[in-house]
Structure formats: C-alpha cells, structure tokens
Amino acid sequence: MQYGYFDDQRREYVITQPDTPLPWINYLGCQEYFGLISNTAGGYSFYRDARLRRLTRYRYNHLPLDQGGRYLYLRDDESGRYWSPSGAPTNCDLERYSCRHGMGYTVIGSVYQGISAHTRYFVPLDETLEIWQLTVINQRARPAWLSIFSCVEFCLWDAQDDATNFQRNFSIGEVEIADGVIYHKTEYRERRDHFGWFACSEPVEGFDTQREAFFGPGRGWERPLVVEGGESANSVAHGWAPVGSHHVRLRLEPGETRQVQFVLGYHENARDQKFDPPGSQILNKKTVRPIIARYRDAAAVDAAFCRLRTYWDGLLSVCQVETPSVHANRMVNIWNAYQCMMTFNLSRSASFYESGVGRGLGFRDSNQDLLGFVHMAPERARQRILDLAATQYPGGGAYHQYQPLTKKGNNEIGGNFNDDPHWLILGVAAYLKETADWSILDEPAPFDNEPGSEQPLYEHLHRSFRYTLERLGPHGLPLIGRADWNDCLNLNCFSETPGQSFQTTTNKDGKVAESVFIAGLFVLAARELAAIACRRGAAADAQRCLDAAARMTETVKAHGWDGAWFVRAYDDFGRKIGSKECAEGQIFIEPQGFCVMAGIGLDDGRARQALDSVRRHLATPHGIVLQQPAYSRYYPHLGEISSYPPGYKENAGIFCHNNPWIMIAEAMTGNGDGTFDYYLRINPSAREPISDVHCNEPYVYAQMIAGRDAPAHGEAKNSWLTGTAAWNYYAATQWILGIRPEYDGLRIAPVIPEAWAGFRAVRKFRGVTYNIEVHRQGPGNRVSLRVDSQPLAGDIVAPPADGRAWVAVEVAIG
Ligand code: BGC
Ligand code: NOJ
C-alpha cells in the first residue's frame with residue numbers, strides 16, 4: 001500500500017493522505033537556520049544547534065508524534081467552522097489533501113468546503129528565517145469571509161531546559177508586539193543577544209502571545225478558544241508560555257486568489273546595540289526591520305524561492321544518471337543525494353528519532369558522511385575534515401563526538417572507540433580523490449583544539465594509523481576499546497546496573513577483546529594512506545603502511561577466518577564472537593563487508609566464500625541482517641547489542657548502513673546481479689509499494705529495518721539522519737555505476753546487472769563535465785573506453801590536458 005507517489009519531474013514526493021503510518025518529514029534550511037516539517041506541518045525550528053538555539057517548541061513523544069508545529073487555522077466567519085488546511089491539528093474531513101516534500105521546501109494544503117488553501121514552507125538562502133506562504137482560493141460561487149489564525153509555540157532557547165526546568169521557565173517568558181510583529185525575547189534582558197520574531201504580510205486584526213489565552217483552559221491544538229470565537233485576545237505573555245499568533249481577515253470574491261505570508265525568524269543584535277533607546281529594556285528592532293519588510297513582499301518571497309530551487313538544481317547537477325531502474329535514478333538523482341546533504345548539515349542531531357538535545361557530531365559518522373556529499377560541497381567537506389582533525393587526541397585517538405556550536409570534543413563521551421581514527425583517513429582520501437586539493441594535507445590542525453599543538457593534517461593521518469599499531473591484542477588484531485563501528489558491541493563494559501551507559505562504561509582494562517572489523521578497516525585505511533604518501537613523495541611512509549597492511553592481512557587470515565566467513569571479534573575471555581563455535585551470533589555482516597572491501601581474501605577465494613555465507617545466513621527479502629542467530633538474552637560480556645530484543649537495531653536488525661558494504665564487496669567480486677539485488681532490497685523507492693509494512697518515508701533511507709527475528713520484520717525506523725545515506729549513494733554511484741573519482745582521474749568501471757543494456761550519466765568532476773554512455777556488448781564487466789571518440793587504455797579518464805570543460809566518454813562493457 002502507498003500513501004502517495006513520486007513526482008520526479010518536480011523532484012517532489014507527493015503524500016496524498018495525512019495519516020501516514022509515521023510522520024513523513026522533510027527539512028527546511030541548509031545553512032544556519034533549520035526546521036523539521038512533517039506532512040501535517042508538525043515539527044520545530046532552530047538556529048544552528050538543535051539543543052542550544054531552539055526557536056520553536058517540540059514535545060517529545062507527544063500524541064500524535066509530530067504535534068506542535070507551523071499551524072495555520074482557517075475560519076469561515078459566516079458559519080464559524082474552522083479547520084487546518086494541513087490536516088493537523090484540527091483533523092477535519094479535508095478534500096484533496098496533499099503534501100509535496102521537495103528540495104528544501106514543503107507545500108501542504110487541501111480543499112475544505114469550497115476553500116482551497118496551500119502553504120509553501122521554506123527557508124531562503126542566506127537568511128535565518130522561514131517563510132510560510134499561504135495561497136487561498138475561493139472556489140465557491142459566493143464571496144467568502146475568512147479569518148486566518150497563525151500559531152507557533154516558542155521554545156525558551158535551550159531545548160533541554162525548556163523541557164525540564166519549569167519552576168524557572170514559567171516565570172521568564174517575555175515578548176514585545178510592534179507593527180503586527182511578535183518578538184520573542186525571553187532571556188534577552190540578560191545574557192542572550194538573540195530573539196525570535198514572527199511577522200505577517202497583511203495588517204493584523206489581532207494577535208496573541210500568551211499560550212493559555214490563545215488555547216483556552218483545558219484545550220489543545222485542535223480546538224483553540226480564540227479560533228473558535230473568531231477573535232484574538234491580544235494577550236501579552238508574561239511568564240508561562242509565549243506563543244505567536246496573528247489574526248488576519250480576508251474577503252474573497254468567487255474565484256479570487258489571495259496570498260498571505262507569515263515569516264518566522266531568528267535575529268542577533270550586537271551586544272552594545274541590544275536596546276532602543278539605549279539604557280531601556282526595549283528590544284532594538286532597527287536591525288531586523290529591513291529583513292521583515294523584505295519578506296512581507298510576495299515578489300521577494302517568490303524570488304527567494306526561485307533562488308533556492310536553483311541552488312538545489314546546481315548541487316544535484318553534479319551527478320545525474322539515466323539507468324533502466326527508476327528506483328536507482330530517483331534515489332541517485334534526487335533523494336539519496338538530498339539526504340546526503342541533510343545528513344551532512346545535521347549529522348545525527350535532529351530528526352523524529354534524534355531529539356536534538358542528546359548528541360553532538362560523531363567523528364566516524366561525519367567522516368563517513370563525507371563520502372556522500374564531497375562532490376556537491378567540496379569546500380564544506382574541507383572545513384569539516386579540519387574541524388574533525390582538531391578533535392583528535394595527540395595519541396591519534398579521537399573524541400567520539402564534538403559539539404557543532406563550539407567545535408570542541410565532547411568530554412562526557414570521550415574517546416577510545418578504536419575504529420574512530422581510521423575514518424579520518426578514508427574521509428581525507430575521498431576528499432583528495434574528488435578535488436585533487438593536496439594543500440589540505442599541509443593545513444595545520446591542533447590536537448584536542450589546544451592552541452600550539454598544530455600539526456599538518458598529514459601528520460594527523462599518520463597518528464590515526466599508528467594508533468592501532470600501538471593497540472594490538474593477543475592475536476595481533478586491533479583491540480576494540482569501548483566499541484568499534486558497532487557501538488553496541490561493548491566487550492569491555494560488563495554492565496549489570498540498569499541505566500548505566502553502555503557507551504561510557506568500561507569495567508575491563510581492554511587488553512584482550514579484539515575486533516576483526518577494525519582489522520579490515522585498518523588494512524583499507526593503511527592502503528589509502530600509502531597511496532596518499534606515495535603521491536606526496538613520501539615513499540618510506542607509504543612502505544610502512546603497506547607493510548603493516550600486509551601483516552594485518554596475514555593476521556586476519558590466521559585468526560580472523562572461521563572457515564566460511566570472517567570472525568567478528570574476540571571477547572574479554574579471548575573467545576570468538578561471530579563464529580560457528582558460538583551458540584548465538586555466529587556470523588556478522590561487518591567483517592565480511594570490510595575485510596573484502598580492504599581486499600582481504602580476494603586472492604584466495606575467501607572473499608567469495610564470505611559473501612556466499614552472507615547470502616545464505618544473513619540475506620532477507622528486506623535486506624541483510626546484522627548477525628545471526630540473534631542474541632536471545634542479555635549477555636554482560638557483549639554489552640548493548642544483546643540488550644535489544646531479537647531483530648531490532650544491532651541485535652540482528654537490518655542495519656541499512658552496512659548493507660552497502662556487502663554491495664561494494666559483491667561489486668568487487670564482479671557480481672553485478674547480486675549487487676543490484678541487494679541495492680534494491682533496501683532502496684526506499686523500491687519499497688514504496690509496501691509503505692504500510694516499511695512505515696518510514698519512501699523517499700529516504702532509514703537506519704534500520706526490523707530483521708527476520710522481529711515480529712514486525714520489514715518495518716523501518718530512524719529515518720533521515722544516518723550513515724546509510726552516504727554509503728548507499730557511494731555504493732550506487734561509485735561501485736554499481738562505477739563512476740569513481742581516483743587520484744589520476746575519473747574511473748569508469750560499472751558492475752551492473754546483466755540485463756541492463758547500459759546507462760547514461762553526467763558527472764562534473766574537477767571543473768569538467770563528463771558525459772558518459774555505457775553500452776553492454778555481452779556479459780561481464782570488462783570495459784573498453786573511448787574518450788572524445790579516441791580509444792583509451794585502462795578505465796581512468798584523466799582530466800583533459802587542454803583545459804576543455806566537457807568530455808564524452810563511451811564505454812563498451814562485457
Ligand atoms: C544505538 C546506536 C548508537 C549508540 C550511540 C545505541 O543505543 O543503538 O545506533 O550509535 O546508541 O548513540
Ligand atoms: C549509529 C552511530 O551513529 C554509528 O556511528 C554506529 O556506527 C552505528 N550506530 C552502529 O552502531
């Protein structure tokens with residue numbers, strides 16, 4: 001069953017009923033001001049940091065889940081009937097409801113009793129505000145007298161405090177109202193230099209800023225007293241809960257269309273210009289008035305919207321493909337790329353599954369996210385890399401997370417996740433291959449943000465590499481520390497206390513438990529670093545890396561191979577995890593993917609064997625589960641992984657993040673059909689027809705799909721902000737379509753299904769547009785290339801020496 005459809009032409013997903021199984025959301029904003037918006041206009045907004053600068057309030061675990069949002073109420077002033085054109089919160093029987101989620105904007109609307117009303121929500125580029133552009137059409141045969149009421153509930157800035165510290169919060173709320181603009185200035189009197197504002201393009205009939213006055217005692221979003229009565233109370237909030245509501249009256253002739261803009265913004269004043277007149281406690285509005293004036297004008301709003309569309313068209317134009325698969329096309333061309341950018345912008349901070357108060361930016365997460373967006377925003381990738389490097393410790397380890405506002409490492413969670421340092425090497429390698437900007441390696445970056453400790457980025461990479469060599473366990477495999485990629489494999493934790501954090505508790509000295517996954521990651525990273533060193537002319541460095549990679553490969557073959565697949569780890573007792581010797585958790589996905597990606601076993605058949613084992617033991621129609629058999633009980637020596645009921649999350653859920661590792665590994669072994677089969681199993685668009693099973697949005701990846709041990713096998717959770725976005729994009733574009741940036745140029749080495757006659761792609765790379773046409777000539781993956789009609793040896797197309805900006809590449813495959 002579906003709840004909508006893709007409109008690929010407009011790059012939109014159109015939801016045709018408000019009651020989707022879960023809120024199906026989109027993001028507004030792509031620079032500093034962000035909002036989440038559900039298909040019924042629920043959600044919230046913030047400036048840069050979802051915890052510390054929350055502009056509007058969101059109640060966690062509310063019913064319905066997405067309630068609290070950007071609501072407009074329409075009221076028929078003749079009959080007194082009122083409704084929300086976005087479905088929620090009044091839930092009237094709407095006709096022709098639709099929600100169009102697009103690139104950085106959402107349009108929600110409906111028809112009710114002959115009145116059509118649609119609101120376009122978006123954040124203009126280079127502004128810290130959001131626009132709600134409402135279009136109302138009177139489709140009746142007689143004039144309509146309407147009232148519009150807007151409403152937002154302000155958050156008192158720190159979302160954590162806002163949700164907990166009521167003894168203070170109920171006394172600090174402050175607002176001002178001037179020229180129909182509502183200013184939210186809680187705490188502005190003391191240490192905050194920022195305020196919120198909410199304006200309307202029309203003259204207002206009235207306003208409200210005190211929540212209880214607007215809603216009325218005992219009422220909620222669905223039945224506000226003011227809307228019911230058709231008149232604002234003109235309330236001025238003192239303490240309690242400040243809201244912003246305008247009342248606008250419209251008279252519409254039959255067939256008449258009107259537009260009304262509501263604009264919600266965030267603004268900062270210089271500390272010495274906070275008040276006007278100086279010395280008073282009155283908010284200085286002079287600095288924000290020109291901005292407000294600009295967006296009261298419909299033409300300016302339309303122009304800002306066009307600019308936003310052009311911006312997204314530009315980003316997406318870097319890689320566009322035309323394959324025989326509609327699911328591959330729309331994910332690669334539109335939604336997967338878009339999700340990669342959103343994940344870059346927000347990391348894991350704010351979604352309907354990440355509260356925005358819990359965590360900073362993950363070190364490994366952010367490095368992996370790079371794989372998905374570096375081609376669209378290389379300058380931002382550069383900055384991200386340097387920020388990440390600055391949160392490394394002098395010993396090469398890294399803070400597991402850092403705070404986006406301060407860019408400092410998060411002390412609460414600390415480091416000692418022994419995989420973390422290597423992701424930096426992979427991130428930097430991806431950046432260099434895309435951009436050839438070798439200068440980044442000489443860029444000084446401090447350790448632990450300590451001034452004076454700066455070293456070139458190149459040195460940071462070597463410390464990452466050495467980190468593991470200094471932490472080898474009894475078998476010569478890397479010690480796991482707190483956890484590796486699998487945050488829930490906590491082999492040194494041994495927690496028996498409810499509520500204790502699996503991530504930060506370590507009750508063991510960590511000298512025994514080893515990770516085969518890190519071994520694979522290490523080999524891959526060491527090879528990448530060797531390639532970087534080699535091109536930098538540091539032959540000795542390169543050799544050191546290659547030697548270490550070769551030694552680790554032998555160690556994996558000796559102690560990390562279980563006969564038909566790679567072992568997952570050794571626990572604190574030195575016993576195998578992910579082995580046929582185990583009662584549960586006999587085979588894990590991660591080492592099969594990463595060891596093969598690192599090239600281990602490609603030469604001796606083990607890679608193929610491991611992948612066949614994955615297919616036999618882990619593959620389900622809904623994707624590949626993380627391990628089997630699921631852990632049926634809690635094991636203190638394994639940690640959080642066994643805390644989940646079987647089939648969920650890391651305990652045998654389908655972790656969509658690491659399915660692409662298997663896809664890439666399959667592609668490396670030349671299995672085009674097998675690779676694409678896995679790709680489609682978790683492709684959100686391909687799963688659209690089973691939206692009632694999948695439940696999450698059909699246009700973006702979710703972190704997890706319930707595994708075969710779960711009663712809800714096939715049900716997705718934790719959509720949007722996940723490493724899944726980058727890895728699937730990377731697998732699809734670089735390994736299936738095989739358009740792969742390398743140091744010397746663009747490699748074209750597709751591993752596509754046998755039945756495909758070919759595909760076309762346009763890829764912009766280092767300032768050159770590559771027009772690629774692939775034609776199948778027979779089975780297999782061998783390619784021969786012609787570049788601008790000239791045959792080319794090999795499969796790497798170097799940037800044209802004569803400075804041309806356009807290259808035609810014909811590829812015969814088979
Ligand atoms: C989740 C992981 C997450 C970790 C750290 C665990 O509960 O299952 O996916 O990485 O917490 O936030
Ligand atoms: C989510 C985390 O953000 C990521 O870093 C981790 O690798 C996965 N969970 C698996 O545990």
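Bear in mind that the values here come from a model prediction, so they are computed numbers and not experimental data. Along the sequence shown, residues are numbered consecutively beginning with 1. Whatever order the structure lists ligands and atoms in, that order sets their numbers, starting from 1.
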Would you sort out whether Arg384 and Leu361 count as a side chain to side chain contact (heavy atoms under 4.5 Å, CB included), showing the intermediate values? CA-CA 11 Å; Arg384 178 63 61 85; Leu361 265 68; 3.6 Å; yes
| field | Electrostatic pair Lys408:Asp387 at N-O distance under 4.0 angstrom | value | no
Closest non-hydrogen contact found for Asn507 with Cys493 is ND2-O, 2.7 Å
May I ask you to check if ligand 2 and His657 share an N or O to N or O distance below 3.5 Å? no
One finds that the ligand 2 atoms under 4.0 Å from a non-hydrogen atom of Asp365 are 2 (C), 3 (O), 4 (C), 5 (O)
Next item on the list: Report yes if some heavy atom in the side chain of Gln586 is under 4.5 Å from a heavy atom in the side chain of Arg568; otherwise report no.
Entry: no
Taking only non-hydrogen atoms of Glu650 and a 4.0 Å limit, the atoms of ligand 2 in range are 9 (N), 10 (C), 11 (O)
So the atoms of ligand 2 within less than 4.0 Å of a heavy atom of Gln703 turn out to be 1 (C), 9 (N)
So the atoms of ligand 2 within less than 4.0 Å of a heavy atom of Phe655 turn out to be 8 (C), 10 (C)
Is it true that Arg575 and Asp571 have a side-chain N and a carboxylate O under 4.0 angstrom from each other? yes
